[in-house]
Undergrad: 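Below is a structure I'd like to ask you about.
What you see below is based on every heavy atom in this structure, not just the backbone, and it leaves out hydrogens, waters and symmetry mates. All chains are named by letter (A, B, ...) in the order of the sequence lines, taking the proteins before the strands, and each is independently numbered beginning at 1.
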Amino acid sequence: MELLGKILVRKLDEFQLKGKIVETEAYYGKEDPASRARKGKLPHCELMWSDPGKAFIYMVHGNWLLNVVAFPRGIPGAVLIRAIEPLEGIELMMKNRKSKDIKNLTNGPGKLTQALKITNKLNGIDLTSKQSELRIETNIAQEKIEIERSFRINVSQDMKEPLRFYIKNNPFVSKIF
DNA sequence: AGGAAGATCTACT
DNA sequence: GTAGATCTTCCTA
């Protein structure tokens, strides 16, 4: 996806936490049996019908999952950020996660939200605005990345096509086939 | 009001 | 690798 390789920036009081997006999954609306939007316009996921570039944060199994709305208004769909590679503020992430293993900080959807202190307070925030507490920056020195794709992980009913994208040979992706 | 499900994580064998 | 914990929202009575 286009999000791969971009930088996720979480702004706290005096600090900034940064991480490179290394793993994503696509979710659609009613076409997708795994999507929460499949049953119709549920109140809490109305953001999927909203404008692209907004954060859609969803709680499941006691974990916050971070999504980015990916389609124009009117079309439901979002991209789940599964894993990032910590770049800045790593010590604070370790503190948030109570772990000192860097590879264990953000290599999963629920883990990265803990490390970055992402909660439903940030639901619906504009990820493209400079003032947002949470935003996505384009990687200036965009290195060459190889994108690999596979089927989604831990989804009870997956679709027929692979909807998971990740950066090849990156140690921070949650699972490699 | 109560119960079930869900895009997960951790700990233990 | 498998089981259990965990929490919020939605569905049904």
Undergrad: Tell me which nucleotide, if any, is Watson-Crick or G-U wobble paired with B:dA7 when both distances must be under 3.5 Å.
TA: none
Undergrad: Between A:N154 and B:dT8, is there a contact of a side-chain N or O with OP1 or OP2 at under 4.0 Å?
TA: yes
Undergrad: Separation of A:Q114 atom CD from C:dC7 atom P, in whole Å?
TA: 11 Å
Undergrad: Just by distance, with hydrogens left out, do A:K111 and A:N107 show a side-chain donor and acceptor under 3.5 Å apart?
TA: yes
Undergrad: Using whole Å, what does the distance between atom P of nucleotide C:dC10 and atom CD of A:E46 come to?
TA: 11 Å
Undergrad: Tell me the interatomic distance from A:K121, atom NZ, to C:dT8, atom C1', rounded to whole angstroms.
TA: 18 Å
Undergrad: Could you state the CH2-P distance from A:W64 to B:dA7, rounded to the nearest angstrom?
TA: 16 Å
Undergrad: Salt-bridged, A:E133 to A:R10, with N to O below 4.0 Å?
TA: yes
Undergrad: Nearest to the side chain of A:H61, heavy atoms from C-beta on, is which of B:dA7, B:dC9, B:dT8?
TA: B:dT8
Undergrad: Please determine whether a side-chain nitrogen or oxygen atom of A:R97 lies at a distance below 4.0 Å from atom OP1 or OP2 of B:dT10.
TA: yes
Undergrad: Are the side chain of A:T113 and the backbone of A:W64 linked by a donor-acceptor contact shorter than 3.5 Å?
TA: yes
Undergrad: Please report the distance, rounded to the nearest Å, between CE in A:M59 and C1' in C:dT6.
TA: 9 Å
Undergrad: Once you round it to whole Å, what is the distance between C1' of B:dT10 and CG of A:D101?
TA: 14 Å
Undergrad: Under 4.0 Å from OP1 or OP2 of B:dT8: is there any side-chain N or O of A:R82 that close?
TA: yes
Undergrad: Using the rule that two of Ile, Leu, Val, Met, Phe, Trp, Tyr join whenever any of their side-chain heavy atoms come within less than 4.5 Å, decide whether A:L122 and A:I7 are in one cluster.
TA: no
Undergrad: Using the rule that two of Ile, Leu, Val, Met, Phe, Trp, Tyr join whenever any of their side-chain heavy atoms come within less than 4.5 Å, decide whether A:F15 and A:I118 are in one cluster.
TA: yes
Undergrad: Does any nucleotide pair with C:dT6 by Watson-Crick or G-U wobble geometry, both distances under 3.5 Å, and what is it?
TA: none
Undergrad: Quick one: A:F56 CZ to C:dT9 P, roughly how many Å, whole number?
TA: 12 Å
Undergrad: Rounding to an integer number of Å, can you tell me how far A:N120 CG sits from C:dT9 P?
TA: 7 Å
